[in-house]
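We count ligands from 1, going down the list as the structure has it; atoms in each ligand are counted the same way.
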Amino acid sequence: MSTTSETNRKAPAGERVADWADGRLGIYSLAKANMRKIFPDHWSFMLGEIALYSFIIIILTGVYLTLFFHPSMNEVVYEGTYVPMQGIRMSEAYASTLDISFDVRGGLLIRQIHHWAALIFIAAMLVHMMRVFFTGAFRKPREINWLFGFLLLVLGMFTGFTGYSLPDDLLSGTGVRFMEGAVLSMPIVGTYMSFFLFGGEFPGGDFVSRFYSIHVLLLPGIMMGLLVAHLILVFYHKHTQFAGPGRTNNNVVGMPLLPVYMAKAGGFFFLVFGIISIISAVASINPIWALGPYRPDQVSTGAQPDWYMGFSEGLIRAMPGWEINFAGHTLALGVFIPLMIFPMILAVIAVYPFIESWITGDKREHHILDRPRNVPNRTGFGVAWLTWYVILLIAGGNDLVAIFFHMSINSITWFARIAFFVGPVLAFIITKRICLGLQRRDRDKILHGRESGIIKRLPHGEFVEIHEPLSQAELYKLTSHEQYKPAEIGPTVDENGVRRKVKLKDKLRAKLSKGYYGPDSYIPKPSVEEFKEITGGHGHH
Ligand code: HEM
Ligand code: HEM
């Protein structure tokens with residue numbers, strides 16, 4: 001009978017596997033809710049993906065390296081295939097990194113991929129962070145995710161530092177010595193901290209094994225947890241989108257996760273992997289055999305940290321070597337002050353979302369992104385921060401700049417000292433002006449259309465340029481943003497004419513808010529009347 005044959009019919013294999021898994025994991029409802037999740041499209045949303053894929057590549061290659069790397073400072077005599085080092089005493093860590101480079105199959109390539117991926121990972125994070133910053137994607141409800149991201153950036157920098165300290169060659173040893181100097185500069189606790197960290201007098205016999213567990217377990221473990229939380233929150237909040245027709249603060253317009261986004265993301269992973277592999281195959285990075293093993297009585301004058309740590313080096317190089325000697329103790333301000341400024345420069349950007357929402361008093365949710373030009377103060381602030389960062393990078397590489405451009409290293413150091421204070425201010429002012437200029441151009445475009453480049457001669461001899469009207473979609477894009485009003489203190493006298501006491505905090509906030517959203521910070525959007533008057537309601541001249 002038909003009913004019996006229908007009950008006996010076996011479901012397709014895929015369905016049975018899905019059924020089996022659903023019965024145990026309850027994934028059906030999870031998948032149903034998320035497989036068709038919509039992601040908006042924009043090239044800048046790929047930056048977070050580059051960070052994600054390079055992190056995966058780092059983990060894959062890192063696991064391979066752990067198979068051959070010996071995190072030990074026991075002394076051995078090198079007997080590997082790299083002839084110039086044969087017979088030299090060195091730590092097991094260094095010897096095993098030489099082995100990875102010369103004797104392990106594919107070892108050098110994997111080392112280089114690990115290192116290049118680390119450089120690209122942190123660069124991608126920084127650019128991704130700037131994308132989020134300049135578009136205001138950190139606003140409510142994404143402030144916590146901004147903080148998660150920020151922690152990822154800082155932990156990534158330290159994971160990189162502990163990583164390139166592992167091979168125990170002269171370069172990495174010089175970097176660790178630099179760090180020890182910074183720790184020692186801390187008043188009162190510095191010496192104890194250094195002894196604690198290195199298990200005795202520097203360099204001791206422990207730091208490679210300690211850095212190793214921090215590098216392969218502790219920091220990546222925390223980062224993994226943060227990353228999962230970061231991505232869950234991206235899912236939960238839904239991705240932001242740029243303004244456009246049909247896009248509102250209450251919807252998301254884009255492609256579904258499955259199959260479109262997954263296919264794109266999968267392909268993009270291999271693209272990132274491929275490009276990093278090509279770079280690693282052709283561009284040498286950290287050739288640890290060039291300088292030999294680390295010896296505390298030697299320093300490499302050519303020592304440069306990886307780029308993301310360069311700004312800490314810059315702080316120290318730019319700072320005058322001040323010292324205070326008191327009762328037999330030395331306070332090395334030349335190192336201690338930069339050590340204090342280092343976290344501050346990072347923290348300034350970390351807490352920005354909270355400062356902005358306090359100044360503007362804006363507690364609403366935002367899912368539509370800002371165009372950076374429409375928020376000139378924020379954009380100016382971001383460029384000022386970046387300028388700071390770049391000036392310190394230049395200061396950190398002052399020797400390289402001096403050699404390359406045949407300049408005096410003292411002039412570069414003085415340039416960095418002055419630019420440290422002046423550069424960000426100039427950057428802020430210039431960026432703000434550019435943003436206002438772009439806003440003015442947008443206003444012109446709305447009212448007069450786009451310049452077509454076609455010059456027409458009128459019957460009476462006059463030449464005019466034809467302006468093409470913008471499409472409705474473009475008009476919407478250029479006008480949909482809100483021009484905020486500054487947060488006001490409100491009336492200072494109540495209905496009975498009695499003066500109200502205004503807190504200093506509120507006064508400060510009103511002042512800052514006026515600076516932020518006041519008349520100097522935007523070019524008014526054309527009103528509907530203006531638009532109709534100029535275009536005759538048809539959108540053209
Ligand atoms: C391990 C490092 C990181 C990874 C793998 C990562 C990954 C991602 C991905 C894949 C997205 C969605 C796509 C996109 O908008 O690009 C995203 C969004 C986001 N990320 Fe990250 N991120 C990292 C670090 C950071 C950092 C350093 C920050 C900022 C300090 C940050 C803040 C955010 C925010 C606020 C969003 C939501 C953006 C929106 O909806 O427009 N992330 N992240
Ligand atoms: C954000 C994560 C990470 C970053 C930024 C990072 C970065 C680095 C860097 C720059 C080096 C120096 C490479 C060289 O030129 O020799 C290194 C070494 C190393 N890393 Fe990582 N790494 C990360 C995660 C991991 C993980 C998860 C593992 C293991 C599971 C790992 C295992 C190793 C090992 C064994 C070495 C020493 C071998 C060598 O120097 O070639 N790393 N890491």
Query raised in the report: Quick one: nearest non-hydrogen protein atom to atom 16 (O) of ligand 1, plus distance?
Result: Phe45 O, 2.9 Å

Query - side-chain hydrogen bond (donor to acceptor under 3.5 Å, both in side chains), paired with Thr61, selected from His115, His114, Arg111 - result: His114

Report task. Using a strict 4.0 Å cut-off to heavy atoms of Asn286, name the atoms of ligand 2 that fall inside it. Result -> 14 (C), 15 (O), 16 (O)

Query raised in the report: What do you reckon, is NZ of Lys32 surrounded by more than 12 foreign heavy atoms closer than 6.0 Å?
Result: no

Query raised in the report: Which ligand 2 atoms does Phe121 reach within 4.0 Å, using its non-hydrogen atoms?
Result: 1 (C)

Query raised in the report: If you count the non-hydrogen atoms of other residues, nucleotides and ligands that lie under 6.0 Å from CE in Met340, is the total more than 12?
Result: yes

Query raised in the report: Should we count CZ of Phe196 as having more than 12 external heavy atoms under 6.0 Å?
Result: no

Query raised in the report: Which protein heavy atom lies closest to atom 39 (C) of ligand 1, and at what distance to 0.1 Å?
Result: Thr240 OG1, 3.2 Å

Query raised in the report: What protein heavy atom sits nearest atom 41 (O) of ligand 2, and how far off is it?
Result: Arg111 CG, 2.9 Å

Query raised in the report: How are the rings of Phe158 and Phe342 set relative to one another: parallel (under 30°), tilted (30 to 60°) or perpendicular (over 60°)?
Result: perpendicular

Requested in this report: With heavy atoms only and a cut-off of under 4.0 Å, state how Phe55 meets ligand 1: side chain, backbone, both or neither.
Outcome: neither

Query raised in the report: Among all protein non-hydrogen atoms, which one is nearest to atom 38 (C) of ligand 2, and what is the separation to 0.1 Å?
Result: Phe69 CD1, 3.7 Å

Report task. Could you check Tyr82 against Tyr78 for ring-ring contact (aromatic ring centres under 6.0 Å, His included), going step by step and ending with a plain yes or no? Result -> CA-CA 9 Å; Tyr82 185 59; Tyr78 179 68; 7.2 Å; no

Query raised in the report: Which residues and atoms, protein N, O or S only, are under 2.8 Å from atom 21 (Fe) of ligand 2?
Result: His114 NE2, His215 NE2

Requested in this report: For ligand 1, find out whether one of its N or O atoms is nearer than 3.5 Å to an N or O atom of Ser44.
Outcome: no

Report summary line: Leu52 heavy atoms within 4.0 Å reach ligand 1 at atoms 5 (C)

Identify every side-chain donor-acceptor pair in residues 285-292 under 3.5 Å, counting partners at least two apart or on other chains, and give the distances.
none

Query raised in the report: Counting each atom of ligand 1 from 1 as listed, which ones have a heavy atom of Trp146 under 4.0 Å away?
Result: 29 (C), 30 (C)

Query raised in the report: Using the ring of each side chain (for Trp, its six-membered ring), is Tyr261 parallel, tilted or perpendicular to Phe39, with breaks at 30° and 60°?
Result: parallel

Requested in this report: Give the ring-plane orientation class for Phe268 versus Tyr53, where under 30° counts as parallel, over 60° as perpendicular and anything between as tilted.
Outcome: perpendicular

Query raised in the report: Salt bridge or not for Arg139 and Glu143, using N-O below 4.0 Å?
Result: no

Report task. Work out which heavy atom in Asp442 is nearest to a heavy atom in Arg371; give both atom names and the distance. Result -> OD2-NH1, 3.1 Å

Requested in this report: I would like to know whether Glu365 and Lys140 meet salt bridge (Lys or Arg N to Asp or Glu O under 4.0 Å); could you show each step before the answer?
Outcome: CA-CA 5 Å; Glu365 286 203 2; Lys140 191 180 170 188; 5.4 Å; no

Report task. Taking atom 21 (Fe) of ligand 1 as the centre, count the protein N/O/S atoms lying under 2.8 Å from it. Result -> 2

Query raised in the report: Among all residues two or more places apart in sequence or in another chain, which pass the side chain to side chain contact (heavy atoms under 4.5 Å, CB included) test with Met186?
Result: Val183, Val189, Met193, Phe336, Leu339

Query raised in the report: Taking the non-hydrogen atoms of Phe68, is any one of them nearer than 4.0 angstrom to ligand 2?
Result: no

Query raised in the report: Who's the nearest protein heavy-atom neighbour of atom 15 (O) of ligand 2, and how far?
Result: His115 ND1, 2.6 Å

Query raised in the report: Around Leu108, counting heavy atoms of other residues, nucleotides and ligands shown, do more than 12 lie under 6.0 Å from its CG?
Result: yes

Query - Which of the ligand 1 atoms, numbered from 1, are nearer than 4.0 Å to a heavy atom of Leu227 - result: 4 (C), 5 (C)

Report summary line: The answer for which part of Arg131 has a heavy atom under 4.0 Å from ligand 1 is side chain

Query raised in the report: Taking everything shown except Lys477 itself, do over 12 heavy atoms lie less than 6.0 Å from its NZ?
Result: no

Requested in this report: Closest by any non-hydrogen atom to atom 40 (O) of ligand 2: pick that one out of Pro287, Ser96, Pro167.
Outcome: Pro167

Query raised in the report: Do other residues, nucleotides or ligands put more than 12 heavy atoms under 6.0 Å from Tyr28 OH?
Result: no

Report task. List the closest protein heavy-atom neighbour of atom 37 (C) of ligand 1: residue, atom name, distance to the nearest 0.1 Å. Result -> Arg142 CD, 3.8 Å

Requested in this report: Just say parallel, tilted or perpendicular for the rings of Phe45 and His239, cut-offs at 30° and 60°.
Outcome: tilted

